[in-house]
2 protein chains.
Amino acid sequence: MPKHHRHHRGPHGHGRKRARRGAVGRSILTLLAEKPMNGYELMAELDERSGGRWQPSSGSIYPALKRLEQRGFISAATSEDDDKPRYELTDEGRQRLEAFAADGETTPPWEGDVARHGEIRGAMAELMGPARQIGRFGSADQITAATTAIKDTTSKLYQILADGPGEE
Amino acid sequence: MPKHHRHHRGPHGHGRKRARRGAVGRSILTLLAEKPMNGYELMAELDERSGGRWQPSSGSIYPALKRLEQRGFISAATSEDDDKPRYELTDEGRQRLEAFAADGETTPPWEGDVARHGEIRGAMAELMGPARQIGRFGSADQITAATTAIKDTTSKLYQILADGPGEE
DNA sequence: GTGTCGGTATCGATATGTCGCTATATTAAC
DNA sequence: GTTAATATAGCGACATATCGATACCGACAC
């Protein structure tokens, strides 16, 4: 239910709930400079490198790939074994990256305290397991107990958010 | 969003974590008897009717649809506006359903205490909000506090699972 | 300088598949 | 009748794609 609780912050905190314009394209270019990948791999890589802070959806990645290809910055590598379509950087793409670098746009959008920020995601993933079990197979008593525990935690997290703001 | 968490543990002693053989097909037939649907709608419907207790994945639904079609129980309705492919029951499918009914196989797989079982899903959805906020924008202290809270809850849920087994 | 207009990028939801592993149920063997 | 073999169904992860709503940000007016 709570979709709000939005934090507004200064220009350079880590507070983008949405990537800045062009961030997806720049990220894709940066990653493809390392090695050719497909859309799914790009999503996973971005997710991991940002420590889960940024998880671009397929609705961001695939249109972006299409745009980049149309502009000639990347190309779908038509490999012999056609089952794995991989994108790779073209010369124009490399130039584009250099242009960014020359422009001071050196910081990849996924920069930050990666290690710490991933922790919550991991913890949540672990919580999913038993929650799912109880939700699916649990008795009425178990459901009551579990729901209470989860709601308590929700309150606690809101408290944490309210207590110490994330701004530095 | 790619999810690759290889840690899969937890006490699997309670209940079936997997639908019984043939349940997907029977469910599809039952639902299609009401009205034609596509794969995604079937997934959503099953999820809702079971109160989130059973969320068959695309990996269950689409192969099942293919099987059912091959056996002639359903057919992909080739509508005029071809953008929405919908499956509908054939006469053979209707006979198949009657055969199940005659066999005492009247209980749909999604039967149960729907209302109660949905609660945990709702509670978890609510927990997601602040967890995500802290994970993305939180300070180190906030992350520590939140992670601890979540892990405590995980332990609590495992305790609940261990304490009182489901009604098997 | 501030407001707001509009093009377009981002994103969640919608949609459809495939693959490999594992669980389940039927049947065969003992 | 229990156990072992086998077939096949179920499911999570992988993979791709589109659409509508919304958010971003440059640009132009004021």
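Proteins get letters first, then strands, A, B, ... in listed order; numbering begins at 1 in each.
Per the geometry, CG belonging to B/L65 stands 10 Å off C1' belonging to C/dT16, to the nearest Å. We find that CZ of A/R18 is positioned 16 Å from P of C/dT8, with the value rounded to whole Å. Distance A/Q55 CD to C/dT10 P: 16 Å, rounded to the nearest Å. As a whole-Å value, the separation of B/I28 CD1 from D/dG10 P is 8 Å. A/R67 places its CZ atom 8 Å from the C1' atom of C/dT10, with the value rounded to the nearest Å. Taking atom CZ of B/R21 as the reference point, atom P of C/dT27 lies 11 Å away to the nearest angstrom. Distance B/Y62 OH to D/dA9 P: 19 Å, rounded to the nearest Å. Look at CG on B/N38: it is 15 Å from P on D/dC19, rounded to the nearest Å.
Backbone-only engagement by B/G39 is indicated by non-hydrogen atom pairs under 4.0 Å involving sugar-phosphate atoms exclusively. Within 4.0 Å (heavy atoms only), B/M37 reaches no atom of the nucleic acid at all. Among the heavy atoms of the strands, none lies under 4.0 Å from B/A44. Within 4.0 Å of B/A64, counting heavy atoms only, lies no atom of the nucleic acid at all.
When distances run from any side-chain atom of A/Y40 to the nucleotides C/dA13, D/dT18, D/dA15, the shortest one goes to D/dA15. Distance from the side chain of A/M43 is smallest to D/dT16 among C/dC11, D/dC25, D/dT16.
Look at B/E98 and B/R94 and you find no salt bridge, because none of the NZ, NE, NH1 or NH2 atoms lies under 4.0 Å from a carboxylate O.
Minimum heavy-atom separation, B/L29 to B/L97: O-CD1, 3.6 Å. Minimum heavy-atom separation, B/T90 to B/G72: OG1-O, 2.6 Å. Minimum interatomic distance between A/G39 and A/I61 (heavy atoms only, all atoms of both residues): O-CG2, 3.9 Å. The shortest heavy-atom contact between B/A123 and A/T147 is CB-CG2, 4.1 Å.
The phosphate of D/dA9 has OP1 or OP2 within less than 4.0 Å of a side-chain N or O from B/R71. A sub-4.0 Å separation between OP1 or OP2 of D/dA17 and a side-chain N or O of A/S58 is absent. The side chain of B/S60 contributes an N or O atom lying less than 4.0 Å from OP1 or OP2 of D/dC11. Residue A/K66 places at least one side-chain N or O closer than 4.0 Å to OP1 or OP2 of D/dT18. The side chain of A/W54 contributes no N or O atom lying less than 4.0 Å from OP1 or OP2 of C/dT10.
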